[in-house]
There are 2 protein chains.
Amino acid sequence: MENRTVDTRERILDAAERLFMAHGYEGTSMRQITGEAGVNLAAVNYHFGSKESLMQEVFRRRLDWLNEERMRVLDTLEAEAGGEPVKPSAIVDAFFGTLLRMAGDENRGGMTFLRLLGRTLTEPSEFIRAFLAHEYKTVMDRYKEALFKALPEVPKAEIVWRFHFMLGATSYAIAGTDALRLVTDWQIEDEDSTDRLDRLVPRLMSFLLGGLRAQLPQF
Amino acid sequence: MENRTVDTRERILDAAERLFMAHGYEGTSMRQITGEAGVNLAAVNYHFGSKESLMQEVFRRRLDWLNEERMRVLDTLEAEAGGEPVKPSAIVDAFFGTLLRMAGDENRGGMTFLRLLGRTLTEPSEFIRAFLAHEYKTVMDRYKEALFKALPEVPKAEIVWRFHFMLGATSYAIAGTDALRLVTDWQIEDEDSTDRLDRLVPRLMSFLLGGLRAQLPQF
DNA sequence: TTATGATTCATACGTTCGTTTTAATCATAA
DNA sequence: TTATGATTAAAACGAACGTATGAATCATAA
């Protein structure tokens, strides 16, 4: 009773992840999912109960690892710092770099999951927003505190906003990678798609840190 | 034959704009739209032909003005500069500031349209992506060139990427304003919602400029 | 006032949606 | 080998979807 279940569940999750990424939650039907997964239509309701629960499981499968990893990395950084503030660049890398490096790990969803996450953050159905709120809260609070400590001269409200902006830039950098290329018809010469991710990380990190440490606005 | 048509069309466009923003394109039905607009179900197909055409008209109604305004402002800046490069901060403000200031103008869609635009850029159905590509291309190219000229020491590819990141931060700052508050349970104290937009603009501008002018990444 | 074209209305069409049901098939323990 | 529970399979459910139709109603010009 083991192998069949695991296979079917995973095949459904993989197909759902890809299709939700490509067409969104509302734009993807159960028949598309089960068709692509090569399983019976009723299998989703049998294994997950409903389409909503399936969506949640798609996220949980990836986010559980991501959030644990983010916690673990920050634990290490703070232990190494021994009470002193952790460098902002290290905090930013621990949060966003960890996320981006998932894109290179197909076992953890790779680029597909990251693009799904990116687009979901701006199209939150009520039920998935509530779910993400619960999944994210603890980690967010930890990183927020770390940034407060690392940047004592920057008002806390400003740091919160800038964290917000960093999340946006990152989401979009991933979710919109293909979309924007079409929109703007920009040519990023001299790079094939394997290069692109390796170079995206330092590029985005420079941008994020520049924004985080920018001159404070005068109202 | 004038007043009824205009009223009905506008009522439909207003309702569609709000509902597409709140629930997405696929998540909004014709019956919701016509119900909220207080018009007959068949009115959408009569006036716009189809749901897709309605979506396009929702965007066109706002983007036509926005793109003209962006062109006009950049024309003025370049005329004032008289052949010299325009300051990066002025270019960024012309592009993103013009967008953000739409949020305060209810006659141009206000915050509702901006949030719709933000979420649509990361959930591009094929048909709307092609539409946005056409609407945006000319303006994008103009601004891209202006930034190349303003930042001759920064590689063009880097500027393109950073434009990309700036778009993301901005989209998200608007589209996710309410969403992220719930996700993170952050408290932005001492600000009511009327203040928020006035303060968002300089905050975001500081961040964007910091990112645009950040130290170049070393690969 | 009447004729005409534009618009609104009620209603129905055919599809597709998520879900449920009931029976068949499978893997495993006794 | 047989009994049992887990899984898969085929089929159908009612509801909601976008769209189309034809009659009713409206505003306007002759």
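The model shown is predicted, which means the values in this text are computed figures rather than measured ones. Naming: A, B, ... by sequence-line order, numbering from 1 per chain.
Comment: Asp75(B) does not engage Arg72(B) in a salt bridge, judged by the lack of any side-chain N to carboxylate O separation of less than 4.0 angstrom. At a threshold of 4.0 Å, the pair Arg18(B)-Asp14(B) does not count as salt-bridged, since none of the basic side-chain nitrogens sits closer than that to a carboxylate oxygen. No salt bridge links Arg11(B) with Glu36(B); every basic N to acidic carboxylate O contact stays at or beyond 4.0 Å.
Residue Thr34(A) is classed as having no contact, given no heavy-atom separation below 4.0 Å to the nucleic acid.
Contact annotation: Thr8(A) does not reach the phosphate of dT7(D) (side-chain N/O to OP1 or OP2, under 4.0 Å).
When the nucleotides dA12(C), dT20(C), dA10(C) are ranked by their closest atom to the side chain of Ala42(B), dA10(C) comes out on top. Comparing dT19(C), dG18(D), dA10(D) by their closest approach to the side chain of Met30(A) singles out dT19(C). Taking the side chain of Leu41(B) as heavy atoms from C-beta on, and the options dA10(C), dA12(D), dA12(C), the nearest nucleotide is dA12(C). Side chain of Ser50(A), nearest nucleotide from dA9(D), dT8(C), dT19(C): dT19(C). Among the nucleotides dT19(D), dC9(C), dG18(C), the one closest to the side chain of Arg31(B) is dT19(D). When distances are taken from the side chain of His47(B) to each of dG18(D), dC9(C), dT7(C), the shortest belongs to dT7(C). Among the nucleotides dC17(D), dT19(C), dA9(D), the one closest to the side chain of Ser29(B) is dC17(D).
The backbone N or O of Leu212(A) lies less than 3.5 Å from a partner atom in the side chain of Arg162(A), making a donor-acceptor pair.
Note: CG (Asp7(A)) to C1' (dA27(C)) measures 14 Å, nearest angstrom. When rounded to the nearest whole Å, the span between CZ of Phe48(B) and C1' of dT19(D) equals 16 Å. Atom CG in Asn40(A) sits about 15 Å away from atom P in dG18(C), given to the nearest Å. With rounding to whole Å, Ile33(B) atom CD1 is found 14 Å from dA16(D) atom C1'. In this structure, Lys51(B) atom NZ and dT19(D) atom C1' are separated by 12 Å, rounded to whole Å. In this structure, the CD1 atom of Ile12(B) is 11 Å from the C1' atom of dT7(C), given to the nearest Å. At whole-Å resolution of the value, OH in Tyr46(A) and P in dT22(C) are 17 Å apart. Atom P of nucleotide dA16(D) and atom CD of Glu26(B) are separated by 18 Å, given to the nearest angstrom.
Judged by a 6.0 Å distance limit and a 45° cone about the ring axis, Arg70(A) is positioned over the six-membered ring of Phe95(A).
DNA chain D is contacted by both Gly49(B) and Ala43(A); Ala43(A) maps to the nucleotide lying nearer its 5′ end (nearest heavy atom per residue). Both Glu52(A) and Gly38(B) sit near DNA chain C, but only Gly38(B) has its closest nucleotide nearer the 5' end.
Between Leu167(A) and Phe96(A), some side-chain heavy-atom pair lies under the 4.5 Å cut-off.
Within the shown strands, dA6(C) is the pairing partner of dT25(D) under the Watson-Crick or G-U definition, both distances less than 3.5 Å. When both pairing distances are held under 3.5 Å, dT22(C) makes a Watson-Crick or G-U pair with dA9(D).
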